[in-house]
Peer 1: 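Below is the structure I would like to discuss, written out as structure tokens.
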Amino acid sequence: MEALGTEHGRAYGRAADIAVQAGAAGAVAAAATGLVDWQQTHGRPRRVGLAHALVNSAALGLQLTSTALRRRGRRREGRLASATAWGVMFVGAYLGGHLVYRLRQGVDQADRSVEPRGFEPVLPAADLKEGQPRKVEVWDEVERAHIPVALVRQHGRIFAMGARCSHMGGPLDEGWLLRGGLGCPWHGSRYDLKTGSSR
């Protein structure tokens, strides 16, 4: 519409300028929160997250270039830069969706498997060392599946809880004990040994 050169077209151009500037500001805020989440990732999600950040940074750079061109009166080039930024953003959006829906980053990681229906012998109590979490698996006949459980001996008592962190999916059996809780090795969230609640 802006390219038509009419009064309405110029109004659309001013609105487009505001939209581009607002989008750039929002992208900076989104990048800050994304950086916080990315610091808690590992392995493949970390690599995909880095690619996602680089692609989105390129899109942001194009939008900032568009803003500069528009202010200099080079509106045609500015529109072209914005259009290119949109194409790049589609790639970034795909990577972001892959992180969430395929690699399950930033979503609820709570273990949805059933709880054991009773006490099952898994190992001799003497094999469980004081203060060293250990993962065992309990076979559930009804679900026909193994249920991962983290066992912990502390002050002579044995505690059991789900072996996966409900926040990031970290292996709690690789965590540490701190003030009556079992800490996630990936991001430090602590689960009370008696109640299982997170702190």
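One is the number of the first residue; the rest follow in order along the sequence. Treat the numbers as computed from the prediction; the structure is a model and nothing was measured.
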Peer 1: In Å and rounded to the nearest 0.5 Å, what is the CG to CZ distance from Leu99 to Arg44?
Peer 2: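 Interatomic distance, Leu99 CG to Arg44 CZ, rounded to 0.5 Å: 9.5 Å.
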
Peer 1: Does Arg70 pair with Asp17 as a salt bridge, N-O distance under 4.0 Å?
Peer 2: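 Looking at Arg70 and Asp17, the cut-off is met.
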
Peer 1: From Leu151 CG over to Leu172 CG, what is the distance, rounded to the nearest 0.5 angstrom?
Peer 2: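 The CG atom of Leu151 sits 12.0 Å away from the CG atom of Leu172.
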
Peer 1: For Glu130 and His155, indicate whether the former's side chain and the latter's backbone hold a donor-acceptor pair under 3.5 Å.
Peer 2: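 Yes.
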
Peer 1: Side-chain heavy atoms nearer than 4.5 Å, only ILVMFWY residues, links allowed to pass through others: does that put Val122 and Leu128 together?
Peer 2: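 Yes, one cluster joins them.
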
Peer 1: Tell me whether the count of non-hydrogen atoms from other residues, nucleotides or ligands lying under 6.0 Å of CZ in Arg71 goes above 12.
Peer 2: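 At most 12 heavy atoms, drawn from other residues, nucleotides or ligands, come within 6.0 Å of this atom.
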
Peer 1: Once rounded to the nearest 0.5 Å, what's the spacing between atom CD of Gln63 and atom OG1 of Thr67?
Peer 2: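 Reported value, rounded in 0.5 Å steps: 7.0 Å.
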
Peer 1: Hey, is CH2 on Trp139 packed in by over 12 heavy atoms from elsewhere, all under 6.0 Å?
Peer 2: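 Above 12, so yes.
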
Peer 1: Just by distance, do the side chain of Arg164 and the backbone of Pro171 share a donor-acceptor pair under 3.5 Å?
Peer 2: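 No; zero donor-acceptor contacts below 3.5 Å.
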
Peer 1: If hydrophobic clusters are built by linking Ile, Leu, Val, Met, Phe, Trp and Tyr wherever their side-chain heavy atoms come under 4.5 Å apart, do Leu50 and Leu35 end up in the same one?
Peer 2: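 Yes, Leu50 connects to Leu35 through the hydrophobic network.
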
Peer 1: Let me confirm one number: the CZ-CG distance from Arg153 to Asp127, rounded to the nearest 0.5 Å.
Peer 2: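 Taking CZ in Arg153 and CG in Asp127, the distance rounds to 9.5 Å.
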
Peer 1: Examine distances only and state if a side-chain atom of Arg102 and a backbone atom of Gly97 form a donor-acceptor pair shorter than 3.5 Å.
Peer 2: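 No, because the side chain of Arg102 does not come within donor-acceptor range (under 3.5 Å) of the backbone of Gly97.
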
Peer 1: Given side chains that start at C-beta, do those of Pro148 and Lys135 come closer than 4.5 Å, heavy atoms only?
Peer 2: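 In contact.
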
Peer 1: Look up atom NE2 in His52 and atom OG in Ser57, then write down how far apart they are to the nearest 0.5 Å.
Peer 2: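 Between His52 NE2 and Ser57 OG, I get 9.0 Å after rounding to 0.5 Å.
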
Peer 1: So, Ser66 side chain and Leu62 main chain: donor-acceptor pair closer than 3.5 Å or not?
Peer 2: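 Not at all, since once roles are kept as given, no pair shorter than 3.5 Å links the two residues.
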
Peer 1: Looking at every heavy atom in both Val20 and Ser82, which two are closest together, and how far apart are they?
Peer 2: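 Minimum heavy-atom contact is CG2-OG, 3.8 Å.
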
Peer 1: Say whether Phe159 and Leu182 are linked into one hydrophobic cluster, either directly or through other cluster members, by side-chain heavy-atom distances under 4.5 angstrom.
Peer 2: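 Same cluster: Phe159 reaches Leu182 through Ile, Leu, Val, Met, Phe, Trp or Tyr contacts under 4.5 Å.
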
Peer 1: Which atoms form the tightest heavy-atom contact between Gln154 and Gly180, and what is the distance?
Peer 2: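 That closest heavy-atom pairing would be OE1-CA, 3.9 Å.
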
Peer 1: When rounded to the nearest 0.5 angstrom, what is the spacing between SG in Cys165 and CZ in Arg190?
Peer 2: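 Cys165 atom SG to Arg190 atom CZ measures 13.0 Å (nearest 0.5 Å).
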
Peer 1: Could you walk me through whether Leu193 and Leu177 satisfy the side chain to side chain contact (heavy atoms under 4.5 Å, CB included) test, starting with their C-alpha distance in whole Å, then the side-chain angles of each, then the deciding distance to 0.1 Å, before giving a yes or no?
Peer 2: CA-CA 9 Å; Leu193 291 177; Leu177 294 178; 4.0 Å; yes

Peer 1: In terms of hydrophobic clusters joined by side-chain contacts under 4.5 Å, are Ile158 and Ile147 together?
Peer 2: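 Looking at the clustering, Ile147 is in the same group as Ile158.
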
Peer 1: Grab the two heavy atoms, one from Gly92 and one from Val55, that are nearest each other, plus how far apart they are.
Peer 2: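 Looking at all heavy atoms of both residues, the closest pair is N-CG1, 3.5 Å.
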
Peer 1: Anything under 30° is parallel, anything over 60° is perpendicular, the rest tilted; go ahead and classify His98 against Tyr94.
Peer 2: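 Correct class here is parallel.
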
Peer 1: With clusters defined by side-chain heavy atoms of hydrophobic residues (ILVMFWY) lying less than 4.5 Å apart, directly or transitively, does Leu60 cluster with Val91?
Peer 2: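 Val91 does not cluster with Leu60.
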
Peer 1: Check the pair Arg74 / Arg79 against side chain to side chain contact (heavy atoms under 4.5 Å, CB included), numbers first and verdict last.
Peer 2: CA-CA 9 Å; Arg74 299 171 60 185; Arg79 291 194 299 272; over 6 Å; no

